[in-house]
Enquirer: 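Got a structure here, written out as structure tokens. Questions coming.
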Amino acid sequence: MTPGRVVVGVSGSLASLAALRQATAHARRASVPLVALLAWEPPEGEALYARRPDRAWARLWAEDARTRLARAVEDGLGAVPDGPAVELRTVRGAPAAALSRAADRPDDLLVLGAAARPGFTARLRTRPVRRGVLARAACPVLLVPGPALRPGEARVLRRSARTPAPDGAGAGVRGRDRGAGAGRRPG
């Protein structure tokens with residue numbers, strides 16, 4: 001029997017970054033491979049893309065998905081972790097189906113970020129991946145809560161992460177060290 005894997009769904013959201021950190025810690029403790037997966041579809045959906053397929057656009061979207069996955073790993077972990085085998089995988093398809101296919105063994109562990117959304121209609125609109133995975137999963141599923149933020153805080157964090165530092169040295173609040181003494185007041 002082959003040892004299980006830890007498969008984590010990554011989207012770049014704060015909840016998925018928390019899930020990525022939790023999945024990495026679990027994979028290290030259990031000494032099992034980690035698969036970080038980002039599923040993508042054409043922006044207009046597969047049905048409309050099938051009417052007028054364009055391979056150049058599909059390659060562009062696939063490259064964008066690889067970039068988003070690498071950026072999410074950098075944001076969540078700082079770099080690709082050392083230790084057990086780590087695979088960064090992008091898959092074209094619906095996220096719930098892609099995650100369920102990736103974690104297809106009973107001894108796998110599927111880890112998802114679970115963002116808290118207030119209100120009944122918000123929960124109905126924003127949880128199709130969770131519902132789809134829980135309905136199809138062939139292995140245990142671990143739901144990791146995202147950070148508790150006040151309204152508007154996530155938007156501010158995302159905006160500040162992409163804003164360059166005022167002196168042009170560094171990438172804002174992205175986890176990069178801008179040198180000793182940066183941000184300190186003299187004296």
Side-chain angles (χ1 to χ4, degrees), residues 1-27 30 32-77 79-81 84-117 121-146 154 158 162:
M1 184 168 160
T2 59
R5 301 164 297 172
V6 177
V7 179
V8 58
V10 179
S11 67
S13 70
L14 294 175
S16 80
L17 297 180
L20 178 61
R21 287 188 289 275
Q22 183 74 26
T24 303
H26 182 78
V32 296
L34 173 69
V35 178
L37 187 139
L38 185 142
W40 66 275
E41 294 179 288
E44 71 272 11
E46 291 290 349
L48 286 177
Y49 177 80
R51 293 175 72 187
R52 296 195 63 148
D54 185 341
R55 290 189 178 157
W57 278 110
R59 279 192 300 274
L60 180 71
W61 295 323
E63 183 58 37
D64 178 61
R66 284 188 289 274
T67 302
R68 286 187 296 136
L69 179 58
R71 184 178 300 136
V73 169
E74 179 186 329
D75 288 349
L77 303 174
V80 176
V86 176
E87 179 184 356
L88 303 182
R89 185 187 304 177
T90 56
V91 176
R92 182 174 175 174
L99 288 164
S100 297
R101 280 192 306 269
D104 58 351
R105 299 184 227 161
D107 56 346
D108 287 345
L109 174 66
L110 182 54
V111 183
L112 295 175
R117 304 274 187 202
T121 56
R123 283 195 301 271
L124 285 177
R125 280 194 326 262
T126 60
R127 295 186 176 169
V129 174
R130 184 189 311 179
R131 284 193 309 269
V133 165
L134 291 174
R136 295 184 182 108
C139 64
V141 177
L142 175 63
L143 297 175
V144 178
R158 276 191 219 101
R162 287 166 179 76

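Starting from 1, each residue takes its place in the sequence as its number.
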Enquirer: Residues two or more places apart in sequence or in another chain: which of them pass side-chain contact (heavy atoms from CB on, under 4.5 Å) with Arg51?
Expert: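 Testing Arg51 for side-chain contact (heavy atoms from CB on, under 4.5 Å), a comparison that skips the adjacent residues, returns Leu48.
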Enquirer: Salt bridge between Asp64 and Arg71, side-chain N to carboxylate O under 4.0 Å?
Expert: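 Salt bridge flag = no for Arg71 with Asp64.
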Enquirer: If every non-hydrogen atom of Val73 is compared with every non-hydrogen atom of Ala79, which pair is closest and at what distance?
Expert: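 Result for this residue pair: CG1-O, 3.9 Å.
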Enquirer: How long is the straight-line distance from CZ of Arg5 back to CG of Asp107, given to the nearest 0.5 Å?
Expert: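 With rounding to 0.5 Å, CG (Asp107) is 8.5 Å from CZ (Arg5).
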Enquirer: Of all heavy-atom pairs between Ala19 and Gly113, which one has the smallest distance, and what is that distance?
Expert: CB-N, 3.4 Å
Enquirer: For Val7 and Leu99, work out which heavy atoms get closest and say how close.
Expert: CG1-CD2, 4.5 Å
Enquirer: Apply side-chain contact (heavy atoms from CB on, under 4.5 Å) to residues Val111 and His26 and explain how you reach the verdict.
Expert: CA-CA 10 Å; Val111 183; His26 182 78; over 6 Å; no
Enquirer: Provide the closest heavy-atom pair for Ala36 versus Val10 in the form atom of the first, atom of the second, distance.
Expert: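 Closest approach of Ala36 to Val10, heavy atoms only: CB-CG2, 4.1 Å.
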Enquirer: Going from CG on Leu20 to CG on Leu77, what distance comes out if it is rounded to the nearest 0.5 angstrom?
Expert: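 If I round to the nearest 0.5 Å, the distance is 4.0 Å.
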Enquirer: To the nearest 0.5 Å, what is the distance between CG on Leu37 and CG on Leu110?
Expert: 9.0 Å
Enquirer: How many angstroms lie between atom CD of Gln22 and atom CG of Leu142, to the nearest 0.5 angstrom?
Expert: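 If I round to the nearest 0.5 Å, the distance is 6.0 Å.
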Enquirer: Provide the closest heavy-atom pair for Gly93 versus Ala39 in the form atom of the first, atom of the second, distance.
Expert: O-CB, 3.6 Å
Enquirer: Measure across Tyr49 and Asp54 and return the closest heavy-atom pair with its distance rounded to 0.1 Å.
Expert: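 Closest heavy-atom pair between Tyr49 and Asp54: OH-O, 3.0 Å.
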Enquirer: Do Pro42 and Trp57 have side-chain heavy atoms sitting under 4.5 Å apart?
Expert: no
Enquirer: Working to the nearest 0.5 Å, report the span between CZ of Arg59 and CD of Glu63.
Expert: 11.5 Å
Enquirer: Rounded at 0.5 Å granularity, tell me how far CG in Asp108 sits from OG in Ser100.
Expert: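 One gets 11.5 Å once the value is rounded to the nearest 0.5 Å.
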